[in-house]
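Just so it is clear, the structure is predicted and the values come from calculations on it, not from any experiment. So that the names make sense, note that chain A is the first sequence line, chain B the second, and so on, each numbered from 1.
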Amino acid sequence: MSLNLIVLAKQVPDTKNVTGETMKEDGTVNRQALPAIFNPDDLCALELALSVRDLYGGTVTIMSMGPPRAMEILRDALCRGADRAILLSDKLFAAADTLATSYTLAKAIRKLGMPDIVFCGRQAIDGDTAQVGPQLAEKLHVPQATYVKEARLEDGHLRVTKDVENGYEILRIPMPALLTVTAGIQPRPPAVKRLLKYKRVKTIFDLQSELKEKYPDLSKEELDRKVEEETRALAERDLLIPVWTAEDIGANPERIGLKGSPTRVKKVEGVILRGGESKIIPATEAGIASLVQELKAGHILS
Amino acid sequence: MAENEVWIFAEQEDGVLNSVALELTGKARQLADELRTKVGAVLLGYHCEALAKELAAHGADTIYLADHPALRYYRTLPYARVICDLVREHRPQIVIYGATVVGRDLAPRIASELWTGLTADCTDLQIGDYDDPFTSRHHDQILYQIRPAFGGNVIATIVGPNHRPQMATVREGVMKLTPADNHRPFQTIPVTPRITDAEEVVEIIERHRTEREVDLRKAQIIVSGGAGVGSKEGFDLLRELANVLGGAVGASRAAVDAGYISKAHQVGQTGTTVRPRLYIACGISGAVQHRAGMQESSKIIAINTNPDAPILSMAHYAIIGDLNQVIPMMIRAYRGH
């Protein structure tokens, strides 16, 4: 069997490391000040896809929508064992909410050809919405299973184990299907041989800026020609990550980016600490005893 | 639009309503009163009509009841089919869901089919006006969907001015449960589901359920530990205090991540939101993530060796000291000697 597997991943700011300096004065987060990482649940999705491929055969394509810099996680995925990577990048995609994002991803997946299984992380740590997976499944008209921790094939169907509120369920799902994968699957590390190969992988964005720096005096036409040449050379050596734009995937401009997003951010506020009313209690027998008395008198303790 | 109803998804399992369904009903009642409209509860299942009364007691006027064998257990496709059909027929202006495993699976599927907005994990919902800077249009009385973002570091207000219904999932335990009134009149509208083979493709082969280890949402006193507890054994002292006071044991994400205690005990943005009468934070520094889940506790005691720990400034009572000394003092003081 040759399975066609797609993994969707997002590069996210490392929200665990938000400090005072990363908060702007207006209470919004300065994304630039945060390290950008492979969204943790998406790494689990990649691992599950790779393990399914290793068991049954096939190819794993990793795809990400994001700015040029998002190629970093695609390179990482190639080093960990993905067979192919595609970056969806276009200024028109910017400020998309989950619905516009799922539309964009669905268009890109259809261009690629309908896969057998689409793997997503359960949620991304910057938004924690967990919405793109189910929305994408609906856009592709395929069944979904969320919070998945195990998947295998059984007579042409998927057999998945998924978490529910107080336990778990085992589902049987026909393919094609979309799975969102929950944290807890240990991703394999990058392989040394692949690291050596894919450290040289590039996108057209990388070539454009490198060549511009190398040949500052070239005209735009000459530069474009050079970029095209180098792009072809890289592709021949399997070192090019293709970049797809809104036009490439045939996206309706009304459905993508901010324009295609039904939700709007009305206001963002920094979280303000409640303070100024703390009563300091001395850490002594007497101090604690009087605190307990006060709580008993106030019917907080009975 | 004032006549269009405010709906909630009444999640149930095995004939028992998820408590978030009743929390949502109370919130929907408040929103509907402000909008001068009715509250509809969408109840799907098999032999679950008895739950209608409970929903009505908490504020629902109309129960849309889809009672069908194919709906006995939650499955995405049949549930989404029934709710999308209902929404298209009755055109509610707002639909809210619990941000449970089920709600977070179902609501985005519906939002995509209806091509409408959806905001995840809201901690508050309000009604207000909105001037859209893109279209320069004014919108009266739309839904403000308020949620933490960026790991709880900011609070965002989201609106969906141009699409209906306006939809959101709401965190469990965040909306206060309103008292039940068992005499509220209500109407049940039976719904005949149109479920085809296309929605029946996913089969549940096995279901495994375990008892909740601890239900922090119901605890009136919570003794909670963080990284400062230092070890799995360190939690024994917290358990002792919780036992003495008649409370439950909670934990910060740091303590759970360190493996001191199970995830079921986690308080905070990615754990449970609690608002007990008394919250005792032991060795918890007070990351935003954690504070978001406990800041509405009536009284907060914080015990920490670090005088600069953020938790101390938000606590009503700040104790700068070692929890291993302070907790035994509390136990002795409570026992009265």
Novice: With a 4.5 Å cut-off on heavy-atom pairs, point out which of A:P262, A:A283, A:G167 contacts chain B the most.
Specialist: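 Of the candidates given, the most pairs with chain B belong to A:P262.
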Novice: Side-chain contact, heavy-atom cut-off 4.5 Å: A:P134 with B:T76?
Specialist: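 SC-SC contact between A:P134 and B:T76 ruled out.
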Novice: Considering the options B:I301, B:I319, B:I303, which one meets the side chain to side chain contact (heavy atoms under 4.5 Å, CB included) requirement together with A:I288?
Specialist: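 Testing A:I288 for a side chain to side chain contact (heavy atoms under 4.5 Å, CB included) against B:I301, B:I319, B:I303 leaves exactly one candidate, B:I319.
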Novice: Contact between A:I173 and B:V201 at the side-chain level, heavy atoms closer than 4.5 Å - yes or no?
Specialist: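 Answer no - side chains too far apart.
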Novice: Does any heavy atom of chain A fall under 4.5 Å from the side chain of B:L245, the backbone, both, or neither of them?
Specialist: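 For B:L245, the side chain is the part near chain A, not the backbone.
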Novice: Counting only heavy atoms closer than 4.5 Å, note whether B:D132 contacts chain A via side chain, backbone, both or neither.
Specialist: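 Only the side chain of B:D132 comes within 4.5 Å of chain A.
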Novice: Taking side chain as C-beta onward, heavy atoms only, is B:W115 less than 4.5 Å from A:R255?
Specialist: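 Yes, their side chains come closer than 4.5 Å.
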Novice: Counting only non-hydrogen atoms closer than 4.5 Å, does A:H157 touch chain B with its backbone (N, CA, C, O), its side chain (CB onward), both, or neither?
Specialist: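 Neither part, no heavy atoms under 4.5 Å.
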Novice: Counting only non-hydrogen atoms closer than 4.5 Å, does A:Q293 touch chain B with its backbone (N, CA, C, O), its side chain (CB onward), both, or neither?
Specialist: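 Contact with chain B is absent: no heavy atom of A:Q293 under 4.5 Å.
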Novice: With chain A, which of B:G321, B:A156, B:A302 has the greatest number of heavy-atom pairs at distances under 4.5 Å?
Specialist: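 Greatest number of close heavy-atom pairs with chain A: B:A156.
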Novice: Look up atom CG in A:L171 and atom CZ in B:R207, then write down how far apart they are to the nearest 0.5 Å.
Specialist: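 A:L171 CG to B:R207 CZ: 11.0 Å, rounded to 0.5 Å.
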Novice: Provide the closest heavy-atom pair for A:D163 versus B:V101 in the form atom of the first, atom of the second, distance.
Specialist: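 Closest approach of A:D163 to B:V101: O-CG1, 3.7 Å.
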Novice: Using non-hydrogen atoms only, which part of A:L291 is less than 4.5 Å away from chain B: side chain, backbone, both, or neither?
Specialist: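 The side chain, not the backbone.
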Novice: Check for me whether A:K266 meets the cation-pi criterion with B:Y144, that is, NZ or CZ under 6.0 Å from the six-membered ring centre and within 45 degrees of the ring axis.
Specialist: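 The answer is yes, since A:K266 meets both limits relative to B:Y144.
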Novice: Check each atom of A:T284 against the heavy atoms of chain B and say whether the ones under 4.5 Å are side chain, backbone, both or neither.
Specialist: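 Only the backbone of A:T284 comes within 4.5 Å of chain B.
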Novice: Decide yes or no on side chain to side chain contact (heavy atoms under 4.5 Å, CB included) for B:K299 and A:L301, but give the supporting numbers first.
Specialist: CA-CA 10 Å; B:K299 291 286 179 210; A:L301 285 177; over 6 Å; no
Novice: Heavy-atom distance under 4.5 Å to chain B: side chain of A:L136, backbone, both or neither?
Specialist: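 Neither; nothing under 4.5 Å.
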Novice: Checking heavy atoms, do the side chain of A:L258, its backbone, both or neither come under 4.5 Å from chain B?
Specialist: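 Just its side chain gets close to chain B.
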Novice: Non-hydrogen atoms of chain B under 4.5 Å away: do they reach the side chain of A:R122, the backbone, both or neither?
Specialist: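 Contact with chain B: none, neither part.
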Novice: Just how far is it from atom NZ of A:K267 to atom CD1 of B:I155, taken to the nearest 0.5 Å?
Specialist: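 It is 10.5 Å, given to the nearest 0.5 Å.
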Novice: Go through the steps to decide whether A:K139 and B:E113 satisfy the test salt bridge (Lys or Arg N to Asp or Glu O under 4.0 Å), and finish with yes or no.
Specialist: CA-CA 8 Å; A:K139 293 270 170 276; B:E113 180 171 334; over 6 Å; no
Novice: Which one of A:S302, A:A177, A:S290 has the most heavy-atom pairs closer than 4.5 Å to chain B?
Specialist: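 Among the listed options, the one with the most contacts to chain B is A:S302.
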Novice: Say whether, by atom type as modelled, one donor and one acceptor occur between the side chain of A:T263 and the main chain of B:V159 under 3.5 angstrom.
Specialist: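 No: the side chain of A:T263 does not pair with the backbone of B:V159.
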Novice: In terms of heavy-atom pairs under 4.5 Å, which option from B:L312, B:T100, B:I320, B:I146 contacts chain A the most?
Specialist: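 Top count of heavy-atom pairs under 4.5 Å with chain A: B:T100.
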Novice: Quick one: CG on A:N166 to NE2 on B:H208, what's the gap to the nearest 0.5 Å?
Specialist: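 Result: 14.0 Å between the selected atoms.
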Novice: Counting only non-hydrogen atoms closer than 4.5 Å, does B:D105 touch chain A with its backbone (N, CA, C, O), its side chain (CB onward), both, or neither?
Specialist: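 Both backbone and side chain.
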Novice: Under a 4.5 Å heavy-atom cutoff, which of A:V12, A:V142, A:T98 has the most pairs with chain B?
Specialist: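 Between A:V12, A:V142, A:T98, the count favours A:V142.
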Novice: Could you tell me which portion of A:V160 (side chain, backbone, both or neither) has an atom closer than 4.5 angstrom to a non-hydrogen atom of chain B?
Specialist: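 Contact with chain B involves no heavy atom of A:V160 at all.
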Novice: Looking at side-chain heavy atoms only, is the closest gap between B:R104 and A:Y147 below 4.5 Å?
Specialist: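 The answer is yes, as the side chains (C-beta and beyond) meet within the 4.5 Å cut-off.
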Novice: Of the listed residues (A:H299, A:K296, A:E165), which shares the most heavy-atom pairs with chain B below a 4.5 Å separation?
Specialist: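 Sorted descending by pairs with chain B, the first entry is A:E165.
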Novice: Using 0.5 Å steps for rounding, measure from the CD1 atom of A:I300 to the CD atom of B:Q220.
Specialist: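 Interatomic distance, A:I300 CD1 to B:Q220 CD, rounded to 0.5 Å: 9.5 Å.
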Novice: Going by heavy atoms in the side chains, are B:H316 and A:S278 under 4.5 Å from each other?
Specialist: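 Not in contact.
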Novice: Pick whichever of B:I110, B:V102, B:N162, B:L118 has the most heavy-atom pairs under 4.5 Å with chain A.
Specialist: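 Highest number of pairs under 4.5 Å: B:L118.
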Novice: With a 4.0 Å cut-off on N to O distance, would you call B:E203 and A:R159 a salt bridge?
Specialist: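 Salt bridge: no.
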Novice: Counting heavy-atom pairs under 4.5 Å with chain A, which one of B:T210, B:V326, B:T119, B:N18 comes out on top?
Specialist: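 The answer is B:T210.
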Novice: Please flag which part of B:R147 lies under 4.5 Å from any non-hydrogen atom of chain A: side chain, backbone, both or neither.
Specialist: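 Side chain only.
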Novice: Measure the CD1-CD distance between B:I205 and A:E169 for me, rounded to the nearest 0.5 Å.
Specialist: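 The CD1 atom of B:I205 sits 11.0 Å away from the CD atom of A:E169.
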Novice: Measuring heavy-atom distances to chain B, does A:K259 have an atom under 4.5 Å in its side chain, in its backbone, in both, or in neither?
Specialist: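 Neither the backbone nor the side chain of A:K259 comes within 4.5 Å of chain B.
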Novice: Just give me the residue among B:R109, B:M329, B:R75, B:E206 that pairs up with chain A most often, heavy atom to heavy atom, under 4.5 Å.
Specialist: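 Among B:R109, B:M329, B:R75, B:E206, the one with the most close pairs to chain A is B:R109.
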Novice: For A:V292 versus B:M330, what's the shortest heavy-atom pair and its separation?
Specialist: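 Here A:V292 and B:M330 meet closest at CG2-O, 4.4 Å.
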Novice: Testing A:E138, A:Q135, A:Q131 for side chain to side chain donor-acceptor pair (under 3.5 Å) with B:S112, which one passes?
Specialist: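 Among the candidates, only A:E138 passes.
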Novice: Rounded to the nearest 0.5 Å, what separation is found between the CD atom of B:Q325 and the CD atom of A:E285?
Specialist: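 Result: 10.0 Å between the selected atoms.
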Novice: Using modelled atom types and a 3.5 Å cut-off, is there a donor and acceptor pairing between side-chain atoms of A:K279 and backbone atoms of B:A315?
Specialist: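 Between the backbone of B:A315 and the side chain of A:K279 there is no qualifying donor-acceptor contact (under 3.5 Å).
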Novice: Can you find a side-chain donor-acceptor pair between B:Y317 and A:E294 that sits under 3.5 Å?
Specialist: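 Yes, A:E294 and B:Y317 have a side-chain donor paired with an acceptor closer than 3.5 Å.
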Novice: I'd like to verify something: which residue of A:P174, A:P282, A:A289 has the highest number of heavy-atom pairs under 4.5 Å with chain B?
Specialist: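 Option with the top pair count is A:P174.
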Novice: Under a 4.5 Å cut-off applied to non-hydrogen side-chain atoms, are A:R172 and B:V202 in contact?
Specialist: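 No, too far: nothing below the 4.5 Å cut-off.
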Novice: For chain A, which candidate among B:L77, B:L106, B:T116 shows the most heavy-atom pairs at distances under 4.5 Å?
Specialist: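 Of the candidates given, the most pairs with chain A belong to B:T116.
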Novice: Please check if the number of heavy atoms outside A:D155 that lie under 6.0 Å from its CG is greater than 12.
Specialist: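 More than 12 within 6.0 Å, yes.
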